[in-house]
Amino acid sequence: MEFSTDDYRYMSRALHLAERGRYTTHPNPNVGCVLVKDSAVVGEGWHEVAGGPHAEIMALRMAGAKAAGATAYVTLEPCCHHGRTPPCTDALLNAGVNKVIAAMEDPNHQVAGKGLEQLRMAGVQVASGLMSIEAEKLNLGYLKRRRTGRPFVRLKLAMSLDGRTAMASGESKWITTDAARQDVQRLRAESSAILTGVGTVLADDPAMTVRLDGMTRQPLRVVLDTNLSLPETARMLREPGETLLLTCSDDDTTKQRLQQAGATIQSLPFCGKSVDLDSVLDVLGDLQINDLLVETGATLSGAFVAAGLVDEFVIYMAPILMGDAARGLFRLPGLEAMADKLQLEIMDVRAVGKDWRITAKLAG
């Protein structure tokens, strides 16, 4: 189907609406919907919070009786199953909508084309694929989890212009400016979970929380703690939200002590000398984690990179020099010749205050 200029305009509006749910819809996708009748918008809405009405329902409520005969522009295929809310396909049919244009199909096995087919079988005109690339970007984590069972892994790093993350003593506060650190807070707010290693916790005692005005949801804090070394006095155990320790330890006494201090503990199914990162991602996928933000030191960051598990790098670069004795960005043993190098594809570079934010992915 060929789409018109107006089709693009209305879908652009639906995509803009969908972005408004980026902090609140976990584990659901961000979705927007616009209802158009006689070249006028009669209803619009977005999925505001998990468990609440979907975007289509919000738009239908706004349109009321005007929804009859309207075209619905929706950024993701309408659901056709009962979850925490009834099917959106039923609501669209009951309202008398006669055309539905979806940006993309929903890979959720409970939908996966079935929603559009149900509408088509009921006599509704159906089309999909309009601005699908933009729609994909709205839900990278949700779509990856639905397709692979694992979250989208975003590795956040901060470095000097000469690629250093801390002085030789370990001192690292602060490499970047307030503007960059505030930008990180937004990254955290968009994430389902934030992951670090126990070494970082022992060294820095981080809170690993979102500190944004009006933000009530805290991402799950995940600590990879092979031997349950986390102290029960760790700051994060006193913060709002949940702290999950993924471990290889079978020390029941220590488990009980940390659980009493506020931690949730889960043993990994596969362990060697340290936690198995593939198992970590499988466990987090089972917990419906869509977007995983990794904030950790050079060793664990390097392990994620070496295993090919990083979907996106977000690197904040400060215009400072820290010298060759300072600590590097990654620990990546085995890169000994230029043929061993890892090539990155830069997707975006922009100024954040006095610093620069580089967004990249592994090439190929």
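For the numbers below, each heavy atom of this structure counts, side chains included, while hydrogens, waters and symmetry mates do not.
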Which residue, Ile315, Val349, Asp348, forms the side-chain contact (heavy atoms from CB on, under 4.5 Å) with Arg357?
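Per the side-chain contact (heavy atoms from CB on, under 4.5 Å) rule, the option paired with Arg357 is Asp348, out of Ile315, Val349, Asp348.
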
Would you say [X]'s side chain and [Y]'s backbone share a donor-acceptor pair under 3.5 angstrom?
X	Y	result
Asp183	Ala180	no
Thr247	Thr226	yes
Ser279	Val275	no

Going through the checks in order, is the side-chain contact (heavy atoms from CB on, under 4.5 Å) test met by Leu284 and Arg150?
CA-CA 7 Å; Leu284 295 179; Arg150 292 181 173 185; over 6 Å; no

Where is the tightest heavy-atom contact between Thr177 and Val352, given as atom of each residue plus distance?
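Shortest heavy-atom separation between Thr177 and Val352 comes out as OG1-O, 4.3 Å.
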
What distance do [X] atom [atom1] and [Y] atom [atom2] have between them, rounded to the nearest 0.5 Å?
X	Y	atom1	atom2	value
Thr196	Leu224	OG1	CG	8.0 Å
His54	Leu60	NE2	CG	13.0 Å
Leu143	Arg145	CG	CZ	10.0 Å

Student check: side-chain heavy atoms of [X] and [Y] closer than 4.5 Å:
X	Y	answer
Ile101	Phe3	yes
Lys255	Ser267	yes
Lys156	Tyr316	yes
Gln218	Glu239	no
Glu312	Met347	yes

Any Lys/Arg nitrogen of [X] or [Y] sitting under 4.0 Å from an Asp/Glu carboxylate oxygen of the other?
X	Y	answer
Arg120	Glu117	yes
Lys144	Asp291	no
Glu295	Arg188	yes

[X] atom [atom1]: more than 12 heavy-atom contacts under 6.0 Å:
X	atom1	result
Lys66	NZ	no
Asp324	CG	no
Arg331	CZ	no
Gln256	CD	no

Side chains of [X] and [Y], donor plus acceptor under 3.5 Å:
X	Y	answer
Asp6	Tyr73	no
Thr89	Gln118	yes
Ser192	Asn290	no
Asp162	Ser160	yes

Working note: Glu136 + Arg147, criterion salt bridge (Lys or Arg N to Asp or Glu O under 4.0 Å); need CA distance, chi angles, decisive distance, verdict.
CA-CA 12 Å; Glu136 285 263 352; Arg147 290 165 177 161; 2.7 Å; yes

Given His47, which of Thr25, Asn28, Asn30 fulfils the side chain to side chain donor-acceptor pair (under 3.5 Å) condition?
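That would be Asn28; it is the only one of Thr25, Asn28, Asn30 passing the side chain to side chain donor-acceptor pair (under 3.5 Å) with His47.
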
The test is disulfide bond (SG atoms under 2.5 Å apart); show your working for Cys79 and Cys88 and say whether it passes.
CA-CA 5 Å; Cys79 66; Cys88 289; 3.7 Å; no

Determine whether Val305 and Leu195 fall in the same hydrophobic cluster, where Ile, Leu, Val, Met, Phe, Trp and Tyr are linked whenever their side-chain heavy atoms lie under 4.5 Å apart.
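Yes: a chain of side-chain contacts under 4.5 Å links Val305 to Leu195.
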
